[in-house]
Protein chains: 2
Amino acid sequence: MKIKVSIVEDEPLIKDGIVNLLNSSEGFICEHTYSNAEDAILDIPNKKIDVVLMDIHLPGMSGIECVEKLKPKCPKTQFVMFTSFEETENVFQSLKVGAAGYLTKTSQSNKILDAIVDVYNGGSPMSSHIARKVVDSFASKNQNTNLQKLTKREQEILDYLSKGYRYKEISNSLFLSTDTVRTHIRNIYEKLQVNSRVEALNKVRN
Amino acid sequence: MKIKVSIVEDEPLIKDGIVNLLNSSEGFICEHTYSNAEDAILDIPNKKIDVVLMDIHLPGMSGIECVEKLKPKCPKTQFVMFTSFEETENVFQSLKVGAAGYLTKTSQSNKILDAIVDVYNGGSPMSSHIARKVVDSFASKNQNTNLQKLTKREQEILDYLSKGYRYKEISNSLFLSTDTVRTHIRNIYEKLQVNSRVEALNKVRN
DNA sequence: CAAAAAATACGCAAAAAGTGGTATTTTTTT
DNA sequence: AAAAAAATACCACTTTTTGCGTATTTTTTG
């Protein structure tokens, strides 16, 4: 089984280079290529492509937008961004909209093939620097200063609020009177400077 | 400038091995070690450690919890998890609570030193497989099937709900009657099978 | 063009949430 | 031991949300 690869790249030299590399390597096949995002969006959903190499800088629609549109239509297809330099912010954005990894255009042939096999097997090829950005973006949400203002009990009750429980349901769950629950909630709102559940949750869930 | 490293590991053989490796390598120094999470929590905040190697499986409190407690107190210190095998779920959890990367205990000496330098320089050493898990966890939030059930207008109104707006505030913002807003919200709840704002938001915000 | 979907709107009633005041007991901190 | 903070509880009142029914106009789709 060969890995079916497509490439979206406007520079013919680079595109042809990659196509040659793929078709002359064992285990890869590249039959469809596109020189802009618009064409790719129209055609890729009709082919069953395993891996798409996507240039970030394209004429017209960017490669990032292109992934954003394509990924929902082809959830099984893996997208690997193809960048000139290590453009941290762009790569980061790409991962957010559904790309699985990225490659720099200066990579050596074997690195490129490795990366394609890697995404195909469920990995995310990326530098450790980008990896850190990604890790940070979902780790930071822990030490929430607003949450720390609340007492244990208040945090517990807020947790029930976040599940959509009613006062009565909370009081039953915690064996308290509803009035006590109301008091706690009033204090929570006071501390967080809000006047409703949703606002309170927004304050603690960044 | 040497990189100051600490290690939290209950197995003396492994711990001593690492300490030896570090102190006999150029650019590293390891003066403080701990054989359990509790001791580490008490002492590490007092030292200015650059990188902590943290075993996941410790007697008593786990290494994951240990990072969770320590990271807020020492935001500049980088934590690298130290695992026996590639335990995907545990590593993933560790990253969530503040670790920057991980190492397997079977790594070769030079890989270990490389990883320490890497985190110290702002990278996140990890396999491409773990990287994918991390990427997925923050990318998935896009094609939310529940959100897709809603019409444009309904999504727009849900967006206001998510900010804690009242019916009146929403209708004023959109130049609608509050009754129309109510109807939309009723339909949103119907489609999402919920009976309150918070529940609706939970359905679309995974 | 006909049918379906989406967006608009009104009314009534009940349930839930939010506001304000007050107070006692338990736990923690100084 | 005294003071402060946290957890508990009750009452009265207002505002907001939710539930259910119905209906017209506009837009989209087959």
Side-chain angles (χ1 to χ4, degrees), chain A residues 41-42 45-46 69 72-73 143-205, chain B residues 38 41-42 45 69 72-73 143-205:
Chain A
I41 289 175
L42 290 176
N46 305 322
K69 305 246 150 118
K73 291 184 189 165
Q143 67 277 42
N144 187 307
T145 48
N146 283 317
L147 241 186
Q148 288 172 346
K149 290 178 194 164
L150 307 181
T151 67
K152 272 268 163 62
R153 198 53 152 174
E154 287 166 350
Q155 290 184 28
E156 197 178 1
I157 286 176
L158 191 59
D159 194 52
Y160 281 97
L161 284 186
S162 79
K163 288 170 186 153
Y165 279 47
R166 304 200 180 90
Y167 293 169
K168 231 180 198 171
E169 295 172 321
I170 299 174
S171 61
N172 284 336
S173 301
L174 297 176
F175 306 102
L176 292 175
S177 82
T178 52
D179 283 307
T180 300
V181 172
R182 286 144 104 334
T183 303
H184 282 305
I185 290 174
R186 205 197 305 169
N187 292 334
I188 291 170
Y189 289 1
E190 172 67 30
K191 286 184 184 176
L192 299 180
Q193 290 283 294
V194 298
N195 343 269
S196 74
R197 290 161 100 97
V198 176
E199 285 177 307
L201 295 175
N202 285 340
K203 284 256 176 174
V204 299
R205 292 212 270 222
Chain B
E38 290 78 3
I41 289 175
L42 290 177
K69 305 247 151 122
K73 291 184 190 164
Q143 70 276 44
N144 188 307
T145 49
N146 284 318
L147 240 185
Q148 286 174 346
K149 291 178 192 165
L150 306 181
T151 67
K152 272 267 162 61
R153 199 54 153 172
E154 287 166 350
Q155 291 183 29
E156 196 177 1
I157 286 176
L158 190 58
D159 194 52
Y160 281 96
L161 284 185
S162 78
K163 289 170 186 152
Y165 278 49
R166 304 199 181 90
Y167 293 169
K168 231 181 198 171
E169 295 172 322
I170 299 174
S171 61
N172 284 337
S173 301
L174 296 175
F175 304 103
L176 293 175
S177 81
T178 53
D179 285 306
T180 301
V181 173
R182 281 156 63 35
T183 304
H184 281 305
I185 289 174
R186 208 196 305 169
N187 292 333
I188 292 170
Y189 289 1
E190 172 67 29
K191 287 185 183 176
L192 299 180
Q193 291 283 294
V194 298
N195 334 273
S196 72
R197 289 161 101 98
V198 176
E199 285 178 306
L201 296 175
N202 285 339
K203 284 254 176 177
V204 298
R205 293 213 270 222

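Remember, predicted model here, so these are calculated numbers, not experimental data. Here is the naming used below: chain letters follow the sequence lines, and residue numbers restart at 1 for every chain.
- Rounded to whole Å, the distance from NZ on A:K168 to P on C:dA16 is 6 Å.
- For the pair B:R182 CZ and C:dA6 P, the computed distance is 21 Å after rounding to whole Å.
- Ranked by how close their nearest DNA chain C nucleotide is to the 5' end, B:R186 and B:E154 are led by B:E154.
- Straight-line distance from the CD atom of A:Q155 to the C1' atom of D:dA6: 13 Å, rounded to whole Å.
- Regarding contacts with the backbone of D:dG19, every side-chain N or O of B:Y189 stays at 4.0 angstrom or more from both OP1 and OP2.
- The A:D179 side chain lies nearest to D:dC11 when the options are D:dC20, C:dG18, D:dC11.
- Rounded to an integer number of Å, the gap from OH of B:Y165 to C1' of C:dG18 is 20 Å.
- A:N195 comes within 4.0 angstrom of sugar-phosphate atoms only, judged by non-hydrogen atoms across all strands, and of no base.
- Checking C:dG11, D:dA6, D:dA9 against every side-chain atom of A:T151, the shortest atom distance belongs to D:dA6.
- The interatomic distance linking B:E190 (CD) with D:dT18 (C1') rounds to 13 Å, in whole Å.
- Residue A:R153 places no side-chain N or O under 4.0 Å from the OP1 or OP2 atom of D:dA6.
- Proximity of a side-chain donor or acceptor of B:T180 to a complementary backbone N or O of B:L176 within less than 3.5 Å is not detected.
- Distances from the side chain of B:L176 to the nucleotides C:dA9, C:dG18, D:dT16 place C:dA9 closest.
- In terms of position along DNA chain D, the nucleotide closest to A:L174 lies nearer the 5' end than the nucleotide closest to the other residue of the pair A:R166 and A:L174.
- Taking only side-chain nitrogens and oxygens, B:Y167 comes nearer than 4.0 Å to OP1 or OP2 of D:dT18.
- Of all the heavy atoms in B:S171 and B:T178, the pair that sits closest is OG-CG2, 3.1 Å.
- Between the CD1 atom of A:I185 and the C1' atom of D:dA7 there is a distance of 14 Å, given to the nearest Å.
- For A:S177 and D:dC10, the shortest distance from a side-chain N or O to OP1 or OP2 is below 4.0 Å.
- If you measure from atom CD of B:E156 to atom P of C:dA7, you get 9 Å, rounded to the nearest angstrom.
- Within the 3.5 Å criterion, the main-chain N or O of A:R197 finds a donor-acceptor partner in the side chain of A:Y189.
- Atoms CZ (A:F175) and P (D:dA9) sit 12 Å apart, rounded to a whole Å.
- In this structure, B:R197 and B:T183 both approach DNA chain D, and ranking their closest nucleotides by distance from the 5' end singles out B:R197.
- The phosphate of C:dA9 has OP1 or OP2 within less than 4.0 Å of a side-chain N or O from B:T180.
- In this structure, A:E199 contributes its side chain and A:N195 its backbone to a donor-acceptor pair below 3.5 Å.
- Residues A:K191 and A:E154 are paired through a salt bridge, judged by an N-O separation under 4.0 Å between the basic side chain and the carboxylate.
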